[in-house]
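What follows is one structure encoded as structure tokens, with my remarks underneath.
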Amino acid sequence: MPSCWTGRIPPGSPTRSRATPGGRRSSRMSDPYDVGTDERRAFWADAVADEIEARDPEDPIVIKGGVSPSGVPHLGHFNEIMRGYFVAEALRERGHEVEQVFTTDDRDRLRKLPRKLADLEWNVVGLGEVDAGALGRNLGKPYTDIPDPFGCCDSYGAHFTELLGRSAAVVDVPIETVSNTELYESGRFDDAVERVLAGRETAREVLSTFQNKVDDGYVPFFAQCSECGHLTETITGVDLDSRTVEYVCSDVEAGDGVIEGCGHEGTATFREGKLPWRFEWPAQWLTLGIDFEPFGKDHAEGSWPSGETIARDVFGFEPPVPMVYEWFTLNGDALSSSAGNLITVEEVLELLEVDVIRYFFTKNPKKQRDFDVGRIDRLVDEFDRFERAYFEGETEGIGADEAERAERAYPMVVDDTGTRPIRIPYTFAAVLGMTDDRDLRIAMARRSGHLPEDAGEDEIDAALERVEKARAWAVRTDNEFNYRLAETLPETDFDDGVETALEDLAAVVEAESPDEKALQEKIYETARNNDVPVGEFFAAGYRLFLDEPEGPRLGPFLAAMDDAFVVRRLRREA
RNA sequence: GGGCCGAUAGCUCAGUCCGGCAGAGCGUCUGGCUUUUAACCAGACGGUCGGGGGUUCGAAUCCCCCUCGGCCCGCCA
């Protein structure tokens, strides 16, 4: 006969206790914050790799991350990709074969409408710009059963999974994406589901020590209604032999509201539904053979302790090595898709080189950090120092620890450590962004000593890539580096003294073509000779060339430009 | 209310697991330079290591209490 469950707790089982995180923690339970701290390591990923190696896992070692494809992927999701990546690389360096997989939890149900969406070109749009009604009618269904609001992918889930995949691709991290829906539909999850349902009394008992509202009727499976497509929690029977469950499609509480069920009574296979998250997570570990998984601090106190226990006591396997990472903030506030405080990977890449983004995630995962767009220059400076620490080792201003960390982490950050790239300081690159003239940029960079005379064309191109980023940053934040060479003659209103001085200066440039230092001197000299206050004369120069009251050091700036143009502009001819 | 993580120079952060001189970069100030304005060089200034107590010859580091920020302890993921 079909296995029928009863709500009776077997004698001798632990009494149900209030679900406090620390309450059940026994010697078997691990502290995901405390991973990999047995030996001092300069780079955290090596400490984690030590712990994984200590388990003596079989190759390939499998590292997992995962996320629900519910909305616009943003920089925060990179933790899931990059933290695992550095551990993978540390293990590869030690000769292991490592696979990095990324589960997309696309069988989760859509519970509320996202406020923002993004098309495949990363254009972020509001809900009003798509067919919100169509989405609203699909609340309660798995993401993979909801049409793509942009009409370009197979489903809502597929759309945002595609964006996640593209995010990983742009930072050049090789990741295999695994669809949860696919795991169910293909039958790969069948055994895991069967183990949960066969041991559902144990499952219930274990879960109840972590969650309060697990009652005797609880069955750890959601069936998808064959009539309306919603996932329902009301399971009325389980048949292990035929691998099916009986269900009633009932109402589901979701956030503030209730998603109504259609009342249909039916039968679903193990492939037509899903496990609740607390069981699904360990099921993924088991099915995919996961050895290591980093996760956000939100999972540290709830999901992890239950997942770890469920792995051992329900499934009977040893859970992966865990690691908690702290969240970071964006411009001082929590990242939030719904509140609109987000920055997409695409946007970040307009401002930063890929290497710098990757570097950002080499920092200690246990510290909360702010990604401050206004101070990106500081992050890039830090990266340049990190690079210097790799190439120069322990040296003046760079300590042994810092050098060791760079020695380990830098090769995992960049493509190629063979040649040291030319790096123009970020704020100076922003200044170079004042002109689109490549030759002028090169001339200015050379004269400032940031571009060696013997640099090859490829090296120069690589170095100048930063100019576009820094320019975009200066424009986006409209900061003090947001200069722009005035293409046409600005409107001016100079007095006679200034006009005479400008003419004198034009004559000097025309006759002597002074270098930057000489020109700087000449500017002062010319102002003095004409009894023009120095500040006023500089202001005239900035007005003429930038149409701004202030600007960069004028001598080097003008010296770098074409003399004929400088003369014409000083004479206000063009 | 209970638990977990964090707090170190004005700013950004190393150092905390394993107790042993309080560190770096940036910023500021001074000079290099008859020179307001990117960069560069030299030097100086800068500290109640969030606060209090304890252990110790010795505490940023270990223990206890407290403050602040974040997270978890409903559902969901």
Side-chain angles (χ1 to χ4, degrees), chain A residues 18-23 25 31-42 47 66-68 70 105 107-109 111-112 210-213 222 231 233 252-256 274 276-278 280-281 295-305 324-329 332 334 363-370 372 375 377-379 381-382 384-386 388-389 396-402 405 424-432 434 444-445 447-450 480-481 483 516-517 520-521 523-525 527-528 533-535 538-539 541-542 548-557:
Chain A
R18 188 180 136 53
T20 51
R25 189 163 287 173
D31 179 356
Y33 281 99
D34 202 30
V35 63
T37 49
D38 289 343
E39 191 182 343
R40 205 200 69 79
R41 289 289 197 175
V67 71
S68 195
S70 55
D105 296 339
R107 188 154 260 199
D108 296 356
R109 62 180 144 222
R111 302 171 72 237
K112 60 178 183 182
F210 295 97
Q211 298 192 325
N212 286 329
K213 299 207 170 158
F222 304 151
L231 289 166
E233 295 166 11
V252 173
E253 285 179 39
D256 313 327
K274 79 186 286 290
W277 159 251
R278 297 277 180 140
E280 191 173 67
W281 202 23
F295 45 84
K297 65 152 138 196
D298 54 328
H299 288 324
E301 299 292 323
S303 300
W304 170 254
V324 178
Y325 57 79
E326 277 287 331
W327 290 353
F328 55 87
T329 52
K363 298 180 177 206
N364 188 346
K366 279 174 66 175
K367 295 233 186 180
Q368 250 181 67
R369 287 195 158 76
D370 187 42
D372 185 346
R375 299 320 314 267
D377 55 326
R378 200 149 53 194
L379 177 62
D381 286 351
E382 221 178 273
D384 289 350
R385 179 188 167 92
F386 171 66
R388 184 165 77 90
E396 186 149 335
I398 291 178
D401 271 8
E402 192 175 358
R405 193 158 44 241
I424 299 170
Y426 194 76
T427 52
F428 187 71
V431 172
L432 292 185
M434 74 174 68
M444 291 172 72
R447 287 174 197 232
S448 310
H450 295 306
E480 70 265 36
F481 303 105
Y483 308 128
E516 57 185 77
K517 191 166 181 178
Q520 184 79 2
E521 299 272 351
I523 294 169
Y524 280 95
E525 195 179 308
R528 278 195 304 273
V534 168
F538 272 99
Y542 295 127
E548 296 275 348
E550 290 186 345
R553 200 172 175 89
L554 205 49
F557 176 45

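Every chain is numbered from 1 and lettered A, B, ... according to where its sequence line falls, protein lines coming before strand lines.
Closest to the side chain of A:K367, out of B:A14, B:A38, B:C4, is B:A14. For A:K297, counting side-chain heavy atoms from C-beta on, the closest listed nucleotide (B:U16, B:U12, B:G70) is B:G70. Each of B:U12, B:C76, B:G15 was ranked by its minimum atom distance to the side chain of A:D401; first place goes to B:G15. The listed nucleotides are B:U12, B:A24, B:G6; the one nearest the side chain of A:R385 is B:A24. The nucleotide whose nearest atom lies closest to any side-chain atom of A:F222 is, among B:A14, B:C76, B:U12, B:C76.
Of the nucleotides present, none pairs with B:C49 by Watson-Crick or G-U wobble criteria with both distances under 3.5 Å. When both pairing distances are held under 3.5 Å, B:C71 makes a Watson-Crick or G-U pair with B:G3. With a cut-off of 3.5 Å on both pairing distances, B:U35 has no Watson-Crick or G-U wobble partner at all. If you check B:A42 for Watson-Crick or wobble pairing at under 3.5 angstrom, you find it paired to B:U30.
Checking A:S68 against A:D108 by side-chain atom types alone, a donor-acceptor pair falls below 3.5 Å.
One atom, CZ of A:F295, and another, C1' of B:A77, lie 14 Å apart when rounded to the nearest Å. Between the CG atom of A:D298 and the C1' atom of B:G6 there is a distance of 16 Å, given to the nearest Å. Going from atom NZ of A:K363 over to atom P of B:A24 covers 18 Å, rounded to whole Å. A straight line from CG of A:D372 to P of B:C13 spans 9 Å, rounded to a whole angstrom. One atom, CG of A:D31, and another, C1' of B:G3, lie 12 Å apart when rounded to the nearest Å. Spacing between atom CD of A:E402 and atom C1' of B:A14 amounts to 7 Å, rounded to whole angstrom units. Across the protein-nucleic acid pair, A:Y33 atom OH and B:C72 atom C1' stand 8 Å apart, rounded to whole Å. Rounded to an integer number of Å, the gap from CZ of A:R369 to P of B:C5 is 17 Å.
Within the 4.0 angstrom heavy-atom criterion, only backbone atoms of the sugar-phosphate kind lie near A:W327; the bases stay farther away. Base contact: A:H299 has a heavy atom under 4.0 Å from a base atom. Nucleic acid contact class of A:D381 (heavy atoms, under 4.0 Å, all strands): none. Here A:R375 lies out of heavy-atom contact (under 4.0 Å) with every strand. Residue A:F386 is out of contact with every strand shown, counting any heavy-atom pair closer than 4.0 Å. Looking at heavy-atom distances under 4.0 Å, A:Q368 makes contact with a base.
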Assign a letter to each nucleotide of nucleotides 29-37 of chain B from its 5' end: B, base within under 4.0 Å of a protein heavy atom; S, sugar-phosphate only; -, no contact.
-----SBBB
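Residue A:R278 comes nearest to A:G302 through the heavy atom pair NH1-O, 2.9 Å, listed as atom of the first residue, atom of the second, then distance.
Judged by the 6.0 Å distance and 45° axis criteria, A:R107 is not positioned over the aromatic ring of A:F222.
For the pair A:A42 and A:W277, nearest-nucleotide mapping onto RNA chain B gives the more 5' position to A:A42.
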Would A:E326 and A:K367 count as a salt bridge (charged side-chain N to carboxylate O under 4.0 Å, His left out) if you check the C-alpha gap in whole Å, the side-chain angles of each, and the deciding distance to 0.1 Å?
CA-CA 6 Å; A:E326 277 287 331; A:K367 295 233 186 180; over 6 Å; no
After noting the C-alpha distance and the side-chain angles of A:K363 and A:E382, does the key distance pass the salt bridge (charged side-chain N to carboxylate O under 4.0 Å, His left out) rule?
CA-CA 11 Å; A:K363 298 180 177 206; A:E382 221 178 273; 2.7 Å; yes
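B:C17 and B:C64 are spaced 15 Å apart, taking the P atom of each and rounding to whole Å. With P as the reference atom, B:C33 and B:U8 are 40 Å apart, rounded to whole Å. Remark: the separation of the C1' atoms in B:A9 and B:C45 is 11 Å, to the nearest Å. Taking atom C1' in both B:A39 and B:G32, the straight-line distance is 15 Å, to the nearest Å. For the C1' atoms, the distance from B:U36 to B:A59 is 48 Å, rounded to whole Å. With C1' as the reference atom, B:A24 and B:G15 are 11 Å apart, rounded to whole Å. Look at the C1' atom in both B:U28 and B:G10: the space between them is 8 Å, to the nearest Å. Taking atom C1' in both B:G46 and B:C11, one finds a spacing of 12 Å when rounded to whole Å.
If you look at A:W281 and A:F295, their ring centroids are closer than 6.0 Å. In summary, the aromatic rings of A:Y524 and A:F538 are positioned with their centroids under 6.0 Å apart.
Side-chain contact between A:Q368 and A:F328: absent, with no pair of heavy atoms (C-beta onward) separated by less than 4.5 Å.
Side-chain N/O atoms of A:R109 and base N/O atoms of B:C76 include no donor-acceptor pair closer than 3.5 Å. If you check distances only, the side chain of A:S303 does reach the base of B:A77 with a donor-acceptor pair under 3.5 Å.
For A:N364, the side-chain hydrogen bond (donor to acceptor under 3.5 Å, both in side chains) criterion is met by no residue, not counting sequence neighbours.
Under 4.0 angstrom from either OP1 or OP2 of B:G6 there lies at least one side-chain N or O belonging to A:K366.
The pair A:K274-A:E280 meets the salt-bridge criterion, since a charged nitrogen lies less than 4.0 angstrom from a carboxylate oxygen.
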